[in-house]
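In what follows, a structure is listed as structure tokens, so that the remarks can point back to it.
A note on names: the letters A, B, ... follow the listed sequences, proteins ahead of strands, and every chain is numbered from 1.
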Number of protein chains: 2
Amino acid sequence: MTEPKTPDAAATTGPVKKHSRAGKSSATIYDIAKVAGVNPSTVSRALSKPGRVSAKTQKLIEDAAAELNYQVNPFARALPTGRTNTFGLIVADITNPTFFDIIRGAETTATQRDYTLVLAESAESGVTELTAARRMMATVDGLILASPRMDDDDIRTIARDKPVVVINREVDGVPCVVPDVNKGISEAVRSLAANGHHKVAFVAGPPQSWMSARRWEGVQAACEWSRLEAVRLESTKPTVDGGRQVARDVRASGATAVLTYNDLLAIGLMQELQAAGMVIPDQISIVGFDDIFGADFTTPPLTTVRSPLGECGAGAATLLLDLLHGDLLNRDLLHGAGEPAVTLRVETELVLRGSSGRLLPVG
Amino acid sequence: MTEPKTPDAAATTGPVKKHSRAGKSSATIYDIAKVAGVNPSTVSRALSKPGRVSAKTQKLIEDAAAELNYQVNPFARALPTGRTNTFGLIVADITNPTFFDIIRGAETTATQRDYTLVLAESAESGVTELTAARRMMATVDGLILASPRMDDDDIRTIARDKPVVVINREVDGVPCVVPDVNKGISEAVRSLAANGHHKVAFVAGPPQSWMSARRWEGVQAACEWSRLEAVRLESTKPTVDGGRQVARDVRASGATAVLTYNDLLAIGLMQELQAAGMVIPDQISIVGFDDIFGADFTTPPLTTVRSPLGECGAGAATLLLDLLHGDLLNRDLLHGAGEPAVTLRVETELVLRGSSGRLLPVG
DNA sequence: CAATTATTGGCAACCGGTTGACAAATGCGC
DNA sequence: GCGCATTTGTCAACCGGTTGCCAATAATTG
């Protein structure tokens with residue numbers, strides 16, 4: 001091999017320049033130490049522990065770091081400490097707009113607190129979810145499960161290894177964020193009763209959905225209170241398509257008002273009923289759940305029991321981050337009596353739009 | 001403090017049991033080596049390089065690994081190699097449904113190929129985007145930028161450090177995935193012309209949006225071809241709200257048909273016009289772009305130029321992963337003439353729904 | 001059966017920070 | 001000026017894999 005002749009010839013001599021590891025030129029704490037004239041470990045402390053080094057050394061090091069455009073290597077830090085400044089969010093279905101707001105709320109909070117969000121989905125399957133969770137475990141500091149489909153024991157097992165916060169479900173011993181459905185449901189049912197309805201159908205969601213069960217309970221309770229008859233119908237899947245499919249059962253049920261497990265079902269149901277010539281709300285009232293994006297685009301716009309989903313996402317993230325930071329009390333609770341660690345309850349409310357109302361006398 | 005009496009009180013004796021680093025009990029290759037009776041480095045090779053060790057040693061090691069429920073520590077692997085099996089996706093706005101399908105497509109592909117998706121948003125800001133990108137650089141193998149708002153040079157700078165794929169924009173020297181707007185637009189404009197329209201307004205998107213510029217060009221060209229007049233209107237932001245705000249300008253423009261930069265604008269515009277008593281499409285035709293979730297919920301359902309967004313997300317992910325794997329030719333191209341590395345073009349098409357049609361004689 | 005070559009396994013250095021233990025330097029009161 | 005308590009800095013081991021290099025072993029060949 002010959003000597004390179006021109007200064008820049010070095011670039012062409014070796015193999016094509018590979019992408020460097022981390023951004024720019026990746027200075028290390030050793031480079032900083034050299035520039036600042038101190039020991040690498042002093043640099044490490046100056047950059048992580050506050051007040052561990054003298055003010056002037058601190059300044060010296062910070063200046064050197066700034067000059068070298070230093071950025072910590074997250075892996076090098078994660079290896080000995082296990083901390084990654086990252087948390088995972090697993091949702092049941094990315095295509096379901098319900099989760100958009102949750103994702104958004106969690107992402108915003110994460111970014112604000114200098115964490116990174118890692119996203120995965122379970123495709124509405126308990127086993128996929130468990131797999132995803134296990135995969136994530138290795139790389140995140142904590143996990144948020146939105147509407148988990150695995151069973152309580154699996155969740156608790158996961159929670160034993162890493163802090164976990166659950167959204168839309170209550171699991172003993174695990175911090176949860178759940179909308180309290182009662183207020184919104186009772187408002188909805190009272191509104192229906194006031195409009196002269198007597199028989200209400202509830203279209204249920206996935207069998208493993210904790211929230212679907214709560215909503216059905218709420219509907220039953222509210223109907224009993226208002227002296228309405230409540231019947232339960234099953235859906236194949238909690239989507240627009242599932243809503244279309246359940247239309248036949250809805251009509252057969254004889255109910256004049258329907259509450260569906262979520263807005264997607266409501267929208268599909270409404271489309272199918274309208275296609276069959278029914279007028280909403282004159283012939284049948286429809287009420288959804290969640291108030292997702294697009295719920296007000298329909299004609300008539302959808303009446304729905306709103307859950308503050310963005311708040312749920314943000315709340316869960318905040319809870320998790322607080323847990324991670326101040327490694328507080330509830331860790332003991334968890335290994336103790338087994339009672340719910342923390343449960344953050346958020347309010348639901350009825351959003352009255354055009355899809356529900358007074359029944360018109362049959363023409 | 002009294003002595004614990006019961007066996008399970010051990011939990012309260014020492015410090016509260018910390019969460020372990022990685023899932024379960026985190027066996028290491030050293031544990032495997034011990035069980036299998038070989039050297040740790042042999043384990044490493046057996047688990048990463050195929051065919052580097054004998055078949056029986058391989059089996060021995062794999063059995064031991066399975067028995068110990070071994071999972072690699074991603075940080076330990078990333079530290080020396082720089083590989084993380086992770087890539088980042090930065091979107092302009094998480095709340096914008098346009099990106100939902102892109103995220104979904106990318107996520108699905110990532111999971112399939114055993115990669116993890118990390119999500120961030122730029123809040124429609126070039127500087128936020130650059131910051132997010134820099135932060136990610138350290139932890140991902142590559143980056144997908146969906147509708148980037150930063151300028152070409154910044155993108156190329158990023159792309160010099162790590163493989164980057166851009167969606168909804170063409171950047172010299174960087175692999176891109178772009179919908180080819182021409183087919184869809186010409187279909188749309190021809191449809192409008194056939195319905196007797198003469199003047200078409202285009203409501204533009206963000207000034208930094210490459211795609212908005214392409215769409216405007218496309219609209220101009222198609223209108224010229226069909227001998228229609230085209231005017232351009234500006235929007236404040238590419239959201240439903242922005243659509244409402246632009247309604248005044250639309251009416252003032254005298255156009256009888258409107259194409260908007262995206263569906264969100266179209267929906268907001270339609271809402272506002274209808275609120276003012278206009279009948280769509282009798283008095284004005286509205287055509288959006290993208291065919292997002294909910295575009296068919298409106299009344300009338302929205303006519304729109306569909307971009308296969310899920311395909312874009314999946315395509316970008318595939319492109320990136322291929323790039324990462326077979327570290328092929330275009331790396332040279334990049335340092336060479338500076339021509340676009342690869343550009344994946346996807347087709348657009350008109351989805352004709354109810355919001356566009358024939359103009360009725362003014363009553 | 002010995003010599004040569006192809007495989008396979010082992011050693012050790014390294015990736016880039018973190019942290020406990022300890023020594024040096026500083027400040028303090030007496 | 002001396003002893004003691006603090007503060008500040010240094011050393012070295014460690015986190016858990018990866019990989020170049022060399023030796024040992026196995027397979028191949030004459």
Return the set of residues passing side-chain contact (heavy atoms from CB on, under 4.5 Å) with B:Gln58 (not counting sequence neighbours), or none when no residue passes. B:Ala46, B:Val53, B:Glu62

Could you work out, with side chain to side chain donor-acceptor pair (under 3.5 Å) as the rule, every residue matching A:Thr109, not counting sequence neighbours? none

Roughly how far, to the nearest 0.5 Å, is the CG atom of B:Leu117 from the OG1 atom of B:Thr86? 9.0 Å

Nearest 0.5 angstrom please: A:Leu143 CG to A:Leu320 CG, how far? 8.0 Å

Does B:Arg135 have any salt bridge (Lys or Arg N to Asp or Glu O under 4.0 Å) partners at least two apart in sequence or in another chain, and if so, which? A:Asp114

With B:Ser44, which residues qualify under side chain to side chain donor-acceptor pair (under 3.5 Å), at least two apart? none

Listed partners of A:Glu121 passing side chain to side chain donor-acceptor pair (under 3.5 Å), at least two apart: none

Take atom CZ of B:Arg83 and atom C1' of D:dT19, then tell me their distance rounded to the nearest Å. 11 Å

Looking at DNA chain C, which of residues 39-49 of chain B put a heavy atom within less than 4.0 Å of it? B:Asn39, B:Ser41, B:Thr42, B:Arg45

Testing C:dT8, C:dG17, D:dG9 for proximity to the side chain of A:Ser54, the answer is D:dG9

What does the inter-axis angle of the helix from C:dC1-D:dG30 to C:dC30-D:dG1 come out as, five pairs per end, nearest 10 degrees? 30°

Please report, rounded to the nearest Å, how far the P atom of D:dT10 is from the CD1 atom of A:Ile29. 13 Å

Hey, what do you get for CZ (A:Phe75) to CZ (B:Arg83), rounding to the nearest 0.5 Å? 11.5 Å

Provide a list of protein-nucleic acid N or O atom pairs under 3.5 angstrom, restricted to nucleotides 23-26 of chain C.
none

For residues 34-41 of chain A, run the donor-acceptor check on the side chains, cut-off 3.5 Å, and write out each pair with its distance to 0.1 Å, sequence neighbours left out.
{"residue": "A:Asn39", "atom": "OD1", "partner": "A:Ser41", "partner atom": "N", "Å": "2.9"}
{"residue": "A:Asn39", "atom": "OD1", "partner": "A:Ser41", "partner atom": "OG", "Å": "2.8"}

Whole-Å distance, B:Leu60 CG to C:dT8 C1', equals 14 Å

Are any of A:Tyr70's side-chain N or O atoms less than 4.0 Å away from OP1 or OP2 of C:dG17? yes

Partner residues of B:Asp154 under the side chain to side chain donor-acceptor pair (under 3.5 Å) criterion, sequence neighbours left out: none

Rounded interatomic separation in angstrom, taking CD from B:Gln58 and P from C:dT7: 16 Å

How long is the line joining NZ of B:Lys34 and P of D:dG16, in whole Å? 12 Å

Partner set under salt bridge (Lys or Arg N to Asp or Glu O under 4.0 Å) for B:Arg45, not counting sequence neighbours: none

Rounded to whole Å, please give me the gap between CD1 in A:Ile32 and P in C:dG17. 8 Å

Between C:dT8 (P) and B:Lys56 (NZ): distance, integer Å: 9 Å

To the nearest angstrom, how far is B:Leu79 atom CG from D:dT18 atom P? 11 Å

Nearest-neighbour nucleotide for the A:Asn73 side chain, D:dT18, C:dG17, C:dT19 considered: C:dG17

Side-chain N or O of A:Arg77 less than 4.0 angstrom from OP1 or OP2 on C:dG16? no

Look at all strands and tell whether B:Phe75 reaches a base, only sugar-phosphate, or nothing, counting heavy atoms closer than 4.0 Å. nothing

Closest listed nucleotide, where the reference is the side chain of A:Val38 and the choices are D:dT10, C:dC15, C:dG9: D:dT10

Test of understanding: with salt bridge (Lys or Arg N to Asp or Glu O under 4.0 Å), list the residues that count as partners of A:Lys59, not counting sequence neighbours. A:Asp63

